[in-house]
Amino acid sequence: MNHSELTQPVDLPARENDSYLAKHTVRSWLLTTDHKRIAILYLLSILFFFLIAAIAAAIIRIELVTPQEDLIGADMYNRMFTLHGVLMVWFFLIPAAPTVLGNFILPLMLGARDVAFPRLNLLSWYLFITGGMVSLYAILVGGVDTGWTFYTPYSTTFTNGHLVTMVAGVFIAGFSSILSGLNFIITTHKLRAPGLTWFRLPLFVWGLYATSIILVLATPVLAMVLVLIAAERLWGIGIFDPAKGGDPVLFQHLFWFYSHPAVYIMILPGMGVVSELIPCFARKRIFGYKFVAAASVAIAVFSFLVWGHHMFVSSQSVYAGFMFSILSYMVAVPSAIKVFNWTATLYKGSISFDTPMLYALGFIGLFTMGGLTGLFVAAIAVDVHVTDTYFIVAHFHYIMVGGMVLGFMGGLHFWWPKITGRMYPEAIGRLAALVTFIGFNLTFFPQFVMGYLGMPRRYQVYPEEFQFYHILSSAGASILGVGYLLPVIYFIWSLKHGPRAPDNPWSATGLEWTTASPPPVHNFHQIPVVVEEAYQYPVPASPPLEAALPGKSQKGEPL
Amino acid sequence: MTFPLFPEQASLGAREVDYVMLWLIGISCFFLLVTAGPIAFFCFRYRRGNQVNRVHIRKGALALEFTWTIIPIFVALGLFGLGASAYFRQRHPPEEAMELHVVGKQWMWKIQHPEGKREINELHLPEGVAVKLLMTSEDVIHSFFVPSFRVKQDVLPGRYTTIWMVPSKPGSYHLFCAEFCGTSHSRMIGRVTIMPRAEYQAWLLTGEQGESPVAAGARLFRELGCTGCHVGSPAVHAPNLNGLFGSVVPLEGGTTTLADERYLRDSIMLPNLQIVHGYEALMPSYQGKVSEEELMAVITYLKTLGSGKRGERIGGPGSAGAVEAGGEAARVQPLHLDMRTPAPAVVQPDGAPAAGGPAKGGTPP
Amino acid sequence: MKVEGQPLHSHFETLQQQENASTLGMWVFIATEVLFFGVIFTAYVYLRWEYPAAVRAGSLHLEIVLGSINTAVLLTSSFIMATAVLMAEAGRRRLASLLAAITAAMGVAFLVIKGTEYSMVIAHGFFPGAGGGPVPGREELFFWLYFLMTGLHALHVFIGVGLLSGVAFFLRRPRGVSVNAVRNIGLYWHFVDLVWVFLFPLLYLASHR
């Protein structure tokens, strides 16, 4: 029995009539205020932008197979990696977990009927789409070649790209982030079901809450920074122009003040997903719940204090460098605490290796590697050597792809039955997870080696001695592409042909599993009352009983 | 084909960075084993269906939490110490380092040796000698990166940054630009060649010699009209430049500033940004009238206008005529420059060594 | 406390819950605004730290009389808004509506005075890009920041005027406006006032030590 009690017996009408997916009109989708539909709208949108950015990555990796310039010209190459960065960061990584998984699951996990401000939620999506269209327009009319970091004075005075249009798109999308974060914070504070105290919340909620704090506090800074570089470019105000007494490094401070917390926006929800998956597939409550929850908040707070570690060679003072280095080491500690707690959760569990669990384990491995290489770059003397090389590229891809994307995929597989009412095919699911893991490592591990050897980033032509690593990396990228493609195919397939899912195919705890798959429009027929802590997986008394644990039902059999 | 994991160690500093790197690799492997090992083991032992003892499951353990919080903190502090101390040494070049000038621009590196020889995209260095590069950019931010030295430093427009190394292994090494700077960023590369000292001296004498920065600076100081206001008993009340570099300058409004390379550069290019206390905003700007190399030359020359040894900082050992912050600083004895003879440009009251190279007769404004 | 106007949305269980959510939402929104303005204040601090003379000289050219009047206008309007909230809480709709309207009018007055100020400053040639003005140094950047900071603030005043006009209008309709909404809009207005309280001395009083 799951950990919530219903106050009255419920009478479930036929799923099709009541499901949030029932109405089919375009209007019912585009004017919806239902958080579940908005999540789906976001899912389609981020996939669209991901596809464009992934094509750009493919072009880059193909070009880099040879040391010379062959496939595309230099200006086009520079626009490609800028496009890849801008779209991936602002139109995929930052929104994906919060707006897709967060929007769909958060109210359900809280036992609420929707987020606090549903109309604001819809506005968020429209702002996101508008921002995306503006950025896409900038790309289509010629793009920008500054890199996603827009460093001045190149971006303000020298580039001939469409900078203002591009940053306008990001600016608009930024408001989408802020409003989503605001919505989640209020929802978490005010819309919890009766009995659901803070320390009974699932850890995904804690992760989303910490993410939302960063969303609302860091994104406004980005908005103003973009206004400043647009003003500098349009009217030459001079704040970043040394010829007018301005300071180009000031831009870097302001930019990274947002952009470092931004990377924690990307990873915290993924960590939250893993905190859901490990207990479920190990059939065991999480070890050290309060520490994992506190670690999420600590990461959010510390994330604002370390921006200067992107600027060790920028002419920042030595002592500022010291401060940022120490703080960067400190921000690694809460992440380590989470990894240790996840590991301890596995101890004496009963572990099954379903697709979501494979993604969760992959996350832990790859995020740990990415995080450990964070220790490398926090050591200033080492960072001086590896900054602006492929070492950094590998470091952040381990965290963003190895971490965030795997976390997102794990969550998507886990909650797919809840979202769609269908199961995906498990065997291919596991295969895709494995292919992704292998492809990923082949793509990015050689980049660590290349980076330390001195291969700079954002280079189209390079010395021959690096070609071997580039070939490995490009080969890996093609495998990774297959790993991405498979889920797209089988998820779409499952919508029509996948077996129908029961309410709780994983026998997981969590309020979202107490309602139908897919949920009715108003989520719950009766708001549940919570009486226990999270993750109350049954404790096995002795070995023979262990075999009687409810297993995940593949074919949609009742529990 | 060889697959090195580390680039060559071509400087003394490279060794230090690799040492930190080895520690990092070791500790990372340890932590990876400490997490991946148990995870793999638990996944195997506690896989579903495996009949094994699962009793006595604990919710949490405070002692364990503290242990695996405190230990990483200490490890982190240790790693910080390693990285920071190596970095501290990287940022403090020795006083006697030989100073070269580097100007980065889209998309090339221009280098000048103190004896006057110039290079483009090539940097020849003597083995075993401490070398400091004073760098600036003509346009956007670039970054001077030599993997075999393990050093990198952004090169900024309107500002000077420095980097130093002691080349230790003769050979030829990559020089890269490591900050995206536009279309040909990946072609803004060059070669660093380390030669044994004798060979380096011989190399210096080959090819086109060129004026040394100090001589060029002295010449420009006259040609650009600086002497008109700053030397002798001019009609215009302008601050004395003797001993300026390294001193603390009192500004209009009560604040002070250190007269470093940046201050000297700003005083020439944006003179009305910071007015010296007791003076008026009369100096014209030289923006657009002087190139980055010329600016560096003038600044190098100005550094020699001191109370005693060449380039000596105020407050350094043996400084004669030490200048304190305060109103009188600007009114210390005027520069004595012999304008009529084409002799070595720098003549000090107590006879500092002259800079090399012929000085052309300058025309006062 | 008589509650009127706002219907209970279907995802809330009680009206109290709904109102608490709105209020917390406004506070979080204000927090984002603090960060938003914070960047420009940081740019100002940078300018003042590096070039204090330019900031002082630029400040001298601002219309301090008009700026002072605007300060008085905003402070008074905040007082009036606070009273409006009290009246709404007491159920006195028409008085609350009137006071909200007066607050909005004072906001409009603020904008008109600000517009006058801008035209005077521009007429003296201090608009950035118009030849940089007659004074040297970094004053051009000071004036950029002046226009950017006060412009951003004026945009928020303008939005506030809109919100207040809406409150004033709907309070007189049968539907009414919930006390909570009036309070939250009051919060927003006080925040806008508070930003001005910081802007005024930093920009206008920099030369009067």
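Lettering follows sequence order; numbering is per chain, from 1.
- Annotation: the span from A:Met330 atom CE to B:Phe80 atom CZ amounts to 9.5 Å, rounded to 0.5 Å.
- Judged purely by atom type and a 3.5 angstrom limit, A:Arg458 has no side-chain atom pairing as donor or acceptor with the backbone of B:Phe180.
- Taking NZ from A:Lys290 and CD from B:Glu65, the interatomic distance works out to 12.0 Å, rounded to the nearest 0.5 Å.
- Between chain A and the options B:Leu156, B:Asp266, B:Thr161, B:Val151, heavy-atom pairs under 4.5 Å are most frequent for B:Leu156.
- Interface remark: B:Ala36 contributes no atoms to any contact with chain A (heavy atom separation under 4.5 Å).
- Residue contact with chain A, scored on non-hydrogen atoms closer than 4.5 Å, involves the backbone and the side chain of B:Met21 alike.
- Of the atoms belonging to A:Phe240, not a single heavy atom falls under 4.5 Å from chain B.
- With a 4.5 Å cut-off on side-chain heavy atoms, B:Thr35 and A:Ile364 do not count as touching.
- A donor-acceptor pair under 3.5 Å is absent between the side-chain atoms of B:Lys152 and the main chain of A:Val313, judged by distance alone.
- The line from CD1 of A:Ile351 to CD1 of B:Ile39 is 9.5 Å long, rounded to the nearest 0.5 Å.
- Inter-residue side-chain proximity for A:Phe287 and B:Leu64 is flagged as met; some heavy-atom pair is nearer than 4.5 Å.
- Rounded to the nearest 0.5 angstrom, B:Ile71 CD1 and A:Phe340 CZ are separated by 8.5 Å.
- When atom types are taken as modelled, the side chain of A:Tyr459 and the backbone of B:Cys177 share a donor-acceptor pair closer than 3.5 angstrom.
- Residues A:Gln252 and B:Ile141 form a side-chain contact, since some pair of their non-hydrogen atoms from C-beta on lies under 4.5 Å apart.
- With contacts defined as side-chain heavy-atom distances shorter than 4.5 Å, the pair A:Tyr452/B:Val17 qualifies.
- Atoms SG and CZ, on B:Cys43 and A:Phe281 in that order, are 13.0 Å from each other to the nearest 0.5 Å.
- The OG atom of B:Ser186 lies 7.0 Å from the CG atom of A:Asn78; values are rounded to the nearest 0.5 Å.
- Proximity of A:Ser315 to B:Arg262: side-chain heavy atoms (C-beta onward) are nowhere separated by under 4.5 Å.
- Each of B:Leu79, B:Leu82, B:Leu24 was checked for a side-chain contact (heavy atoms from CB on, under 4.5 Å) with A:Val382, and the lone residue meeting it is B:Leu24.
- Using a 4.5 Å cut-off between heavy atoms, B:Arg150 touches chain A through backbone and side chain atoms alike.
- For B:Gln90, the part lying near chain A is the side chain, with the backbone staying farther off; criterion is any non-hydrogen pair under 4.5 Å.
- With no hydrogens or angles considered, a side-chain donor-acceptor pair links B:Thr183 and A:Asp75 at under 3.5 Å.
- Residues B:Phe31 and A:Val339 are not in side-chain contact: their nearest non-hydrogen atoms beyond the backbone lie 4.5 Å or more apart.
- For A:Thr159, no part lies under 4.5 angstrom from a heavy atom of chain B.
- Using a 4.5 Å cut-off between heavy atoms, B:His174 touches chain A through its side chain atoms alone.
- Salt bridge absent: A:Arg457 and B:Glu179 never bring a charged side-chain N and a carboxylate O closer than 4.0 Å.
- Using a 4.5 Å cut-off between heavy atoms, A:Phe376 contacts chain B through both its backbone and its side chain.
- Side-chain contact between A:Phe353 and B:Arg47 is present, with at least one heavy-atom pair separated by less than 4.5 Å.
- Counting heavy-atom pairs under 4.5 Å between each of B:Ile27, B:Thr69, B:Ile163, B:Val34 and chain A puts B:Thr69 at the top.
- Ring geometry for B:Tyr46 against A:Tyr347 counts as perpendicular: the plane angle is over 60°, on a 0 to 90° scale with 30° as the lower cut.
- For A:His385 and B:Phe145, the gap between ring centers is short of 6.0 Å.
- Looking at A:Phe158 and B:Asp139, their side chains come closer than 4.5 Å, going by heavy atoms from C-beta outward.
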